[in-house]
Amino acid sequence: MLALAKSEMALVNKLSLSSFSSSNTKSINPINPKTVICSLHFKTSSFSSSSPFTEKHSLERYQRDQWIYSNLQQQKPFEPTSCSVSEDNEDSIRQDDIELQLPELKKLLQVLREKRESKCCGDGREDKCGPGDVYLVGTGPGDPELLTLKAMRVIQKADLLLYDRLVSNDVLDLVSQNARLLYVGKTAGYHSRTQEEIHELLLSFAEAGATVVRLKGGDPLVFGRGGEEMDFLQQQGIQVKVIPGITAASGIAAELGIPLTHRGVANSVRFLTGHSRKGGTDPLFVAENAADPDSTLVVYMGLSTLPSLALKLMHHGLPPNTPAAAIERGTTPQQRVVFAELKDLTDKISSAELISPTLIVIGKVVSLSPFWPYSSKEAPCMAEAK
């Protein structure tokens, strides 16, 4: 009981604004309730998205998570012409969103606590009185048919699923109707939850006895911060089980027929993050060590840092005509692919206006793809792989 009370208090303290209390709550900014109400009441709206993933203010997100906004659904909807939302202050939107969600989160915690106590008192079994399990589940790069059987089984028995932006809509459609979904995704310039807030959510609901599933695109332990979540929870005495997923490098390369390793062509493969920790344009890794013509480089989240990376790789000896590919939304029906030599890749991506998520593959193995449409002396081109 003490642990649960502590977790509930942590949830309120971590997820609410610093001034949030029952007697002193600031007026909720109308920006975010308006976004939510518009999305819940209108089947078509400016918040609809053709993306296979969950975008920050999309219609699909609010309808999928509508249980947590139940207090708003009784309100009279706005006229369609008034459903425009300013995104000038994303932090204010994020904070207001959290305030709107808190009442239902607290209600769910209470229901789960009572459910656990009834089971515990009913037969006296200690194993039903302890915390629930947390599963870190990888959902692959987007195609729901790449989901593992084990992941499917766990997804369908969960009480609460915290899902990221790059868990595809098709995968989320497989979740049990009795489960609760909560979006905790991050995108450039907008984090619906900080990593610390995600930790507290996982801990609070696990301590209430829930079966909690943390859904991540790709594999949870490959650039997914799953290791941080696992470490935090284990330090709090929560059992964590990891269910691997097909990481984007494997799934997307297979989709294009690119062997990541190939005898006599590439004897190793290296996964790189294109993210700069401070948000700059310089990659975190040392290009000198990555400029190996006998290795395959796969860059995750590398659109913004590619210009710097490509120059450094060529400076440190990687041939400018090294085959490369950039794949947007790989393995989904919206997949788009740019093939180019390394020296031209940045310009070709810019011309094609690729957006995140885009995976970049650099190495001689790219030319082994059946979609590689030209020799090294011919001009690069745009290709649709689906």
Side-chain angles (χ1 to χ4, degrees), residues 3-4 7 10-11 15 53-54 64-65 67-68 105 108-109 111-113 115-116 119 127-186 192-248 250-251:
L4 181 60
S7 70
L11 182 66
L15 302 185
F53 305 110
T54 302
R64 186 181 294 125
D65 298 1
W67 69 274
I68 206 165
L105 285 172
L108 182 58
L109 271 175
V111 168
L112 290 168
R113 180 180 67 179
K115 179 180 178 181
R116 183 186 64 171
K119 288 182 177 180
D127 61 332
K128 293 188 177 181
C129 302
D133 291 329
V134 174
Y135 294 87
L136 305 182
V137 178
T139 62
D143 183 350
E145 293 186 351
L146 296 178
L147 199 66
T148 66
L149 292 173
K150 191 172 186 179
M152 183 73 174
R153 176 175 57 81
V154 169
I155 285 173
Q156 293 185 335
K157 76 171 188 179
D159 295 310
L160 177 69
L161 300 97
L162 277 61
Y163 65 100
D164 281 345
R165 176 195 169 213
L166 297 184
V167 177
S168 72
N169 295 324
D170 288 339
V171 169
L172 292 170
D173 287 341
L174 301 174
V175 172
S176 168
Q177 293 183 349
N178 297 323
R180 294 286 187 263
L181 281 159
L182 179 62
Y183 179 67
V184 293
K186 304 182 182 80
S192 64
R193 291 289 188 277
T194 66
Q195 192 61 42
E196 292 73 21
E197 288 166 350
I198 293 172
H199 289 172
E200 293 297 334
L201 280 166
L202 292 169
L203 176 61
S204 296
F205 282 96
E207 288 186 334
T211 297
V212 186
V213 171
R214 179 74 171 95
L215 287 180
K216 294 175 176 288
D219 184 274
L221 301 184
V222 179
F223 300 130
R225 304 192 73 169
E228 297 173 43
E229 294 168 4
M230 181 169 58
D231 181 59
F232 171 81
L233 291 168
Q234 288 176 340
Q235 289 187 33
Q236 309 302 317
I238 303 298
Q239 183 176 5
V240 180
K241 300 177 182 178
V242 180
I243 299 178
I246 295 178
T247 189
S250 297

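- Judged as a side-chain hydrogen bond (donor to acceptor under 3.5 Å, both in side chains), and not counting sequence neighbours, Ser168 has no contacts.
- Listed here is the closest heavy atom pair of Val171 and Gly142: CG2-O, 4.3 Å.
- At least one side-chain heavy atom of Ile198 sits under 4.5 Å from a side-chain heavy atom of Glu229.
- Contact check for Asp159 versus Val212: no side-chain heavy atoms found under the 4.5 Å cut-off.
- Expressed to the nearest 0.5 Å, how far CG of Leu203 lies from CD of Gln235 amounts to 11.5 Å.
- Two residues are said to be in side-chain contact when any heavy atoms from C-beta on lie closer than 4.5 Å; Leu172 and Leu181 meet this criterion.
- With sequence neighbours excluded, no residue satisfies ring-ring contact (aromatic ring centres under 6.0 Å, His included) with Tyr135.
- Here the CG atom belonging to Leu160 is positioned 11.0 Å from the CZ atom belonging to Arg214, to the nearest 0.5 angstrom.
- Contact of the Val137 side chain with the Pro220 side chain is not registered, since no non-hydrogen atoms from C-beta on lie closer than 4.5 Å.
- Closest of all the heavy-atom pairs between Gly217 and Thr139 is CA-OG1, 3.6 Å.
- Under a 3.5 Å cut-off, the side chain of Ser250 and the backbone N or O of Ile246 do not form any donor-acceptor pair.
- A donor-acceptor pair is defined here as one N or O able to donate and one able to accept, closer than 3.5 Å; such a pair exists between the side chain of Glu197 and the backbone of Thr194.
- Judged as a salt bridge (charged side-chain N to carboxylate O under 4.0 Å, His left out), and not counting sequence neighbours, the contacts of Arg165 are Glu55.
- You'll find the side chain of Asn169 stays beyond 4.5 Å of the side chain of Phe53, heavy atoms only.
- Note that CD1 of Ile155 is 8.0 Å distant from CD1 of Ile243, once rounded to the nearest 0.5 Å.
- Closest of all the heavy-atom pairs between Asp219 and Leu221 is OD1-N, 2.8 Å.
- Using a 3.5 Å distance cut-off with no hydrogens or angles, the side chains of Gln239 and Gln234 do not pair a donor with an acceptor.
- Taking every heavy atom of both residues into account, Pro244 and Thr148 meet most closely at O-CG2, 3.9 Å.
- Side-chain contact between Asp164 and Leu215 is absent, with no heavy atoms from C-beta onward closer than 4.5 Å.
- Residues meeting the side-chain hydrogen bond (donor to acceptor under 3.5 Å, both in side chains) test with Ser192, sequence neighbours left out: none.
- Between Leu182 and the options Leu105, Leu161, Leu108, a side chain to side chain contact (heavy atoms under 4.5 Å, CB included) holds for only Leu105.
- Interatomic distance, Arg193 CZ to Leu201 CG, rounded to the nearest 0.5 Å: 6.0 Å.
- For Arg64 (side chain) and Thr54 (main-chain N/O), no donor-acceptor pair under 3.5 Å exists by modelled atom type.
- Crowding of Lys186 atom NZ: a count of heavy atoms from other residues, nucleotides or ligands under 6.0 Å exceeding 12.
- Side-chain contact between Met230 and Leu136: present, with at least one pair of heavy atoms (C-beta onward) separated by less than 4.5 Å.
- Shown here are the side-chain hydrogen bond (donor to acceptor under 3.5 Å, both in side chains) partners of Tyr163, two or more places apart in sequence or in another chain: Asp65.
- Taking each heavy atom of Pro131 and Glu207 in turn, the nearest pair found is CB-CA, 4.2 Å.
- Residues Leu166 and Lys216 fail the side-chain proximity criterion, which asks for heavy atoms closer than 4.5 Å.
- Rounding to the nearest 0.5 Å places CZ of Arg225 at 13.0 Å from CZ of Phe232.
- The two residues Leu147 and Gly138 have their closest heavy-atom pair at CD1-O, 4.1 Å.
- In this structure Gln156 satisfies the side-chain hydrogen bond (donor to acceptor under 3.5 Å, both in side chains) test with no other residue, sequence neighbours excluded.
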